[in-house]
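Working notes, beginning with the structure itself.
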Amino acid sequence: MMAILFTLFAPIIGGFMYGIERVVKARMQSRIGPPLLQPFYDFVKLMEKRPMMVHSFHAFMGIVFFISTWFAMAVLMLGNDLLIAVFFHIISILALTIGAFSVRSSYSIMGAMRELIHLVSYEPVIILVVVAFYLVTGSFDYRMILSADTIPLLKLPLVFIALVGTIPMLLHKSPFDIAEAHQEIIGGPDIEYSGPFYEAVYTGRWIEYVYVFFLVFLFGGSNYFVGGLLVVFTFLLIMAIDNSTARLDYRKMLKFAWFILIPLAIVNIFFLALGGNS
Amino acid sequence: MSMRSKSPWILHYNTGGCNGCDIEILAALGPKYDIERFGMLNRGNPKQSDILLVTGPVTLKCKNVLRRLYLEMPEPKVVVAMGACTHGGGVFRHLYHVENGVNGIVPVDVWIPGCTPRIEAIIDGLIEGVEIWKGKTKEKEYLVGHGDDLLKKIGAIDD
Ligand code: SF4
């Protein structure tokens, strides 16, 4: 029951997280910042704009992005395993990039290419995280992980660090906001969306927040307090990093992911497998 | 309707001014004046913006770009012209390369006086623009005083 409610309200929870993010970010820059409900005001505003699309397939792909992100969330929550949810998330990103490739705007195409590089960077780490969960708890089902008697974080410290390193790539936060790159390619894959169609992409991004921070929460295991603390800590850390760094080159991102984060996660899993579950 | 007025996204375009105005806009985004309090964001993308904030005297090369940006914004939208340059050329008036202001190129809703305008004036002007924006609808607004051939040339007839 909780799972169904959580799935249904995922966009709203994500919207609140985005609102909190904007306020926290503003406070970090000693600004007052927008009201907490700002994402929902934006939502209503985008609804009232005149629908304008490049072509119908492009608009359709924006909506597919929203639906498939939500669907990935549903697969995650409603009892199928984590691994399949990760693959559904890949499908949602592919929908976005296919849409972005289908228009002639060079910014959009460049953004789509960079989005794929993002995917190549963070997705292996996410899959390794899921594998590590399997090694610790013996299941891909999040309910088993949440009722495991150990705290996965204690066995998977390096995997957790790797996951924290990938969150800026997943959520397009500052050192790795290469695909979105405001002031450079102005939103990347979302650039050609407008009005209600942009709304779909915008809301899809909120669901990604929930999806990512749910993965972080799983590291608390059955101890929900630790999970909650981890989420808050990671959230603030990501905001601080976002505010204090400048955008990097896509090669740096790829190198960081493949030469630092993936080896970190693999070393952790390796020792776990050697040490065994004894 | 009232919810809508809380999230105006701004497209800022400099049509060849001296950059004084642009720096003031950046200052308005900063901690002291922080226009994000009103939900305003500088999007830099015409397709997702609601307020076109123009500065500069419109050089001849910029003219069509400005028009195009205006047409790419989905309605409802407002145009806010900022600085003496946009009003009639300002210090660039009657030079060989300028249009003497944005009037007649895009329909302007709010004029912000000054060279450069104070940030308080910018915020006032933007709030005024939001008030006008509240009353607008999804109806298409076209360039006034131009024939069909121009609209066809920039692709505005059947977008
Ligand atoms: S109005 Fe004045 S400050 Fe603004 S761009 Fe023109 S000359 Fe510069």
Side-chain angles (χ1 to χ4, degrees), chain A residues 15 18-19 21-23 25-55 58-59 62 103-105 107-108 111 180-202 243, chain B residues 1-14 22 25-51 68-78 119 123 130 133-142 155-156 158-159:
Chain A
Y18 186 54
E21 179 204 311
R22 276 174 72 175
V23 173
K25 222 170 167 177
R27 292 295 151 89
M28 279 179 177
Q29 298 166 356
S30 69
R31 290 188 287 121
I32 294 178
L36 183 62
L37 292 180
Q38 186 61 47
F40 300 103
Y41 298 148
D42 294 346
F43 186 87
V44 173
K45 191 277 304 274
L46 286 171
M47 207 70 183
E48 288 176 359
K49 299 284 276 184
R50 183 164 71 84
M52 205 164 87
M53 51 179 149
V54 182
H55 50 73
H58 179 247
V103 290
R104 278 189 297 171
S105 157
Y107 285 164
S108 182
E180 224 170 79
H182 281 282
Q183 312 95 31
E184 186 194 335
I185 54 171
I186 314 153
D190 346 345
I191 182 172
E192 291 294 325
Y193 291 102
S194 64
F197 305 109
Y198 181 57
E199 183 153 36
V201 180
Y202 195 58
N243 269 323
Chain B
M1 272 314 215
S2 65
M3 287 256 280
R4 178 170 96 192
S5 66
K6 289 186 177 173
S7 134
W9 287 353
I10 296 171
L11 170 68
H12 162 223
Y13 185 54
N14 177 1
D22 313 292
I25 291 170
L26 292 185
L29 292 170
K32 191 165 177 187
Y33 294 95
D34 187 24
I35 56 170
E36 206 187 349
R37 281 178 295 150
F38 309 110
M40 293 175 187
L41 281 181
N42 197 351
R43 291 297 291 191
N45 181 351
K47 300 205 166 181
Q48 295 158 8
S49 308
D50 312 300
I51 298 183
R68 220 188 131 156
L69 284 177
Y70 175 76
L71 287 172
E72 277 185 358
M73 289 169 65
E75 287 83 0
K77 60 189 170 188
V78 290
I119 302 183
I123 295 176
V130 170
W133 180 49
K134 259 198 271 185
K136 292 203 173 184
T137 57
K138 287 184 190 177
E139 285 300 305
K140 284 187 185 180
E141 301 172 31
Y142 279 146
D158 37 31
D159 77 58

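Note that the structure is predicted; figures quoted are calculated from it, not measured. So you know, we letter chains A, B, ... as the sequences are listed, proteins then strands, and number each from 1.
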- Query: Which region of A:L46, side chain (C-beta onward) or backbone (N, CA, C, O), has a non-hydrogen atom less than 4.5 Å from a non-hydrogen atom of chain B, or is it both or neither?
  - Reply: side chain
Exercise answer: donor-acceptor pairs, residues 26-33 of chain B side-chain atoms, under 3.5 Å, sequence neighbours excluded:
none

- For the student: nearest non-hydrogen atoms of A:I191 and B:N45, plus distance: O-ND2, 3.0 Å
- Message: Test of understanding: with salt bridge (Lys or Arg N to Asp or Glu O under 4.0 Å), list the residues that count as partners of A:E21, not counting sequence neighbours.
- Response: A:K25, A:K173
- Query: So which part of B:I35 gets closer than 4.5 Å to some heavy atom of chain A, the side chain, the backbone, both or neither?
  - Reply: neither
- Can you see which heavy atom on B:K47 is nearest to which on A:Y193, and at what distance? CB-O, 4.0 Å
- Task: Give, as side chain, backbone, both or neither, the part of A:Y202 having an atom under 4.5 angstrom from any heavy atom of chain B.
- Result: side chain
- Those residues that, when tested against A:R22, pass salt bridge (Lys or Arg N to Asp or Glu O under 4.0 Å) (two or more places apart): A:D42, B:E36
- Query: Shortest non-hydrogen contact from A:E48 to B:P76?
  - Reply: O-CD, 3.7 Å
- Query: Which region of B:D50, side chain (C-beta onward) or backbone (N, CA, C, O), has a non-hydrogen atom less than 4.5 Å from a non-hydrogen atom of chain A, or is it both or neither?
  - Reply: both
- If you count heavy-atom pairs under 4.5 Å between each of A:G195, A:S30, A:P35, A:A26 and chain B, which one has the most? A:S30
- Query: Would you say A:Y107 has more than 12 foreign heavy atoms packed within less than 6.0 Å of its OH?
  - Reply: no
- Message: Just to be sure I understand the criterion: a residue of residues 7-14 of chain B counts if one of its heavy atoms is under 4.5 Å from a heavy atom of chain A. Which ones qualify?
- Response: B:S7, B:W9
- Does any heavy atom of chain B fall under 4.5 Å from the side chain of A:Q29, the backbone, both, or neither of them? backbone
- Item | Separation of B:K77 NZ from A:R50 CZ (nearest 0.5 Å) | 7.0 Å
- Do A:K49 side-chain atoms and B:S49 backbone N/O form a donor-acceptor pair below 3.5 Å? yes
- Which residue, A:S194, A:P196, A:P51, forms the side-chain contact (heavy atoms from CB on, under 4.5 Å) with B:P74? A:S194
- Item | Exercise: identify the closest heavy-atom pair between B:W133 and A:K45 | CH2-CG, 3.6 Å
- Item | Expected output: side-chain B:D34 to main-chain A:R31 donor-acceptor under 3.5 Å | no
